[in-house]
Amino acid sequence: MKTITEMHIRANRWFQKTYGNTYHRVRLTVVYSDGTSESLDSGKHYGYGEGWNQTALMIATQAGI
């Protein structure tokens with residue numbers, strides 16, 4: 001089993017001025033002890049504030065990390 005040495009979360013949020021909606025997208029990069037890495041992308045999600053944290057947790061859980 002690989003050991004995780006680093007985990008990087010990059011989140012982008014944007015506001016749709018016309019309808020007043022807020023969206024975000026999360027990219028999670030996991031670096032393992034053997035030097036390999038894996039990137040996961042959430043795609044576009046509706047949510048505001050710190051909602052991207054929950055999205056990052058969701059994609060990590062779904063990937064089995």
Side-chain angles (χ1 to χ4, degrees):
M1 179 161 189
K2 297 180 183 180
T3 304
I4 297 172
T5 57
E6 298 175 34
M7 188 177 292
H8 303 276
I9 301 171
R10 179 183 177 140
N12 297 91
R13 291 188 310 167
W14 64 94
F15 181 71
Q16 186 181 27
K17 197 176 207 181
T18 330
Y19 301 107
N21 295 321
T22 304
Y23 298 95
H24 63 268
R25 180 182 199 138
V26 176
R27 175 163 297 222
L28 179 66
T29 304
V30 181
V31 180
Y32 297 102
S33 58
D34 62 357
T36 61
S37 64
E38 178 180 6
S39 289
L40 307 166
D41 194 339
S42 70
K44 180 176 157 181
H45 281 271
Y46 175 78
Y48 52 90
E50 299 292 317
W52 57 270
N53 282 322
Q54 186 66 34
T55 303
L57 178 62
M58 179 189 70
I59 63 174
T61 304
Q62 288 176 348
I65 296 174

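No hydrogens, no waters, no symmetry mates; every other heavy atom, side chains included, goes into these values.
- Atom-to-atom distance recorded for Thr22:OG1 and Trp14:CH2 is 10.5 Å, nearest 0.5 angstrom.
- One finds the CD atom of Glu6 at 9.5 Å from the OG atom of Ser37 (value rounded to the nearest 0.5 Å).
- Partners of Asn12 by side-chain hydrogen bond (donor to acceptor under 3.5 Å, both in side chains), not counting sequence neighbours: none found.
- Between Tyr46 and Tyr23, the closest heavy-atom pair is CA-CD2, 3.8 Å.
- Proximity of Lys44 to Arg25: side-chain heavy atoms (C-beta onward) are nowhere separated by under 4.5 Å.
- Alongside Ile4, the hydrophobic cluster contains Met7, Ile9, Val26, Leu28, Val30, Tyr32, Leu40, Trp52, Met58, Ile59, Ile65 (criterion: ILVMFWY side chains under 4.5 Å).
- In this structure a side-chain-to-backbone donor-acceptor pair under 3.5 Å is present from Thr5 to Val31.
- Annotation: salt bridge (Lys or Arg N to Asp or Glu O under 4.0 Å) contacts of Arg13 (sequence neighbours excluded): none.
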